[in-house]
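Below you'll find the structure, written out as structure tokens, and then a few comments.
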Amino acid sequence: GFASPSPRTEATDPVSGLGWVEASALPPEASQTMALIEAGPPYPYRADGETFFNREGLLPSRAEGYYREFTVATPGAPDRGARRLVVGDGGEYYWTDDHYDSFERIRR
């Protein structure tokens with residue numbers, strides 16, 4: 001069965017309405033990408049650090065340029081794969097493993 005969340009821990013981020021995912025529960029490549037983001041540029045992929053436009057409207061509405069996207073390597077993929085971290089200027093991190101069809105808020 002599923003572990004019920006502790007009373008202190010909300011299952012859903014009240015700002016975005018998205019479910020939470022623990023950073024430790026993500027693939028190891030996501031942790032590597034978070035470390036790269038913390039260290040700052042240069043990044044391994046040309047598109048890393050570029051504006052994420054939130055065209056899907058799944059993240060909270062913010063001014064253009066608020067969100068930046070970063071590639072999370074997918075071992076064996078012939079291209080950048082479908083995994084991304086999206087980071088807000090407020091320090092919030094979001095995870096998608098289906099190229100922006102869905103997101104989870106990362107608890108760090």
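Atoms OG1 and CZ, from T71 and R46 in turn, are 9.5 Å apart once rounded to the nearest 0.5 Å. With rounding to the nearest 0.5 Å, the separation of CG in L36 from CD in E29 is 12.0 Å. Taking CG from L18 and CD1 from I106, the interatomic distance works out to 11.0 Å, rounded to the nearest 0.5 Å. Atom OG1 of T33 sits about 5.5 Å away from atom CG of L85, to the nearest 0.5 Å.
Closest approach of P75 to A73, counting heavy atoms only: CD-O, 3.7 Å. The minimum heavy-atom distance between S31 and A23, with the atom names listed, is OG-O, 4.4 Å. Across S102 and T96, no two heavy atoms sit closer than the pair O-OG1, 2.8 Å.
Note: F52 and Y100 have tilted aromatic rings, judged against thresholds of 30 and 60 degrees for the angle between ring planes.
Taking 4.0 Å as the cut-off between side-chain N and carboxylate O, R80 and E69 count as a salt-bridged pair. Salt-bridge formation is not detected for the pair E50/R68: no Lys NZ or Arg NE/NH1/NH2 atom is positioned less than 4.0 Å from an Asp or Glu carboxylate oxygen. Remark: E38 engages R108 in a salt bridge, criterion side-chain N to carboxylate O under 4.0 Å.
Between F103 and S16, every side-chain heavy-atom pair lies at or beyond the 4.5 Å cut-off. Side-chain contact between E64 and Y66 is absent, with no heavy atoms from C-beta onward closer than 4.5 Å. Looking only at side-chain heavy atoms (C-beta outward), Y67 and T51 stay at 4.5 Å or farther from each other.
Following chains of ILVMFWY side-chain contacts shorter than 4.5 Å, one cannot reach F70 starting from Y94, and the two form parts of different hydrophobic clusters. V86 and Y43 are not part of a single hydrophobic cluster, where members link through side-chain heavy atoms under 4.5 Å apart. Both V72 and L26 are members of a single hydrophobic cluster when ILVMFWY side chains are connected at heavy-atom separations under 4.5 Å. Linking Ile, Leu, Val, Met, Phe, Trp and Tyr whenever their side-chain heavy atoms come within less than 4.5 Å puts V21 and M34 in one cluster.
A donor atom on one side chain and an acceptor atom on the other are not found under 3.5 Å apart for Y93 and E104.
A donor-acceptor pair is defined here as one N or O able to donate and one able to accept, closer than 3.5 Å; no such pair exists between the side chain of T12 and the backbone of G19. Between the D13 side chain and the G17 main chain, no donor and acceptor come within less than 3.5 Å of each other.
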Run the side-chain donor-acceptor check on residues 54-63: report pairs under 3.5 Å with partners two or more places apart or on a different chain.
| unit_1 | atom_1 | unit_2 | atom_2 | d |
| --- | --- | --- | --- | --- |
| N54 | OD1 | L58 | N | 3.4 |
| N54 | OD1 | L59 | N | 3.1 |
| N54 | ND2 | L59 | O | 3.0 |

Go through the steps to decide whether T74 and R83 satisfy the test side-chain hydrogen bond (donor to acceptor under 3.5 Å, both in side chains), and finish with yes or no. CA-CA 7 Å; T74 303; R83 305 191 306 185; 3.3 Å; yes
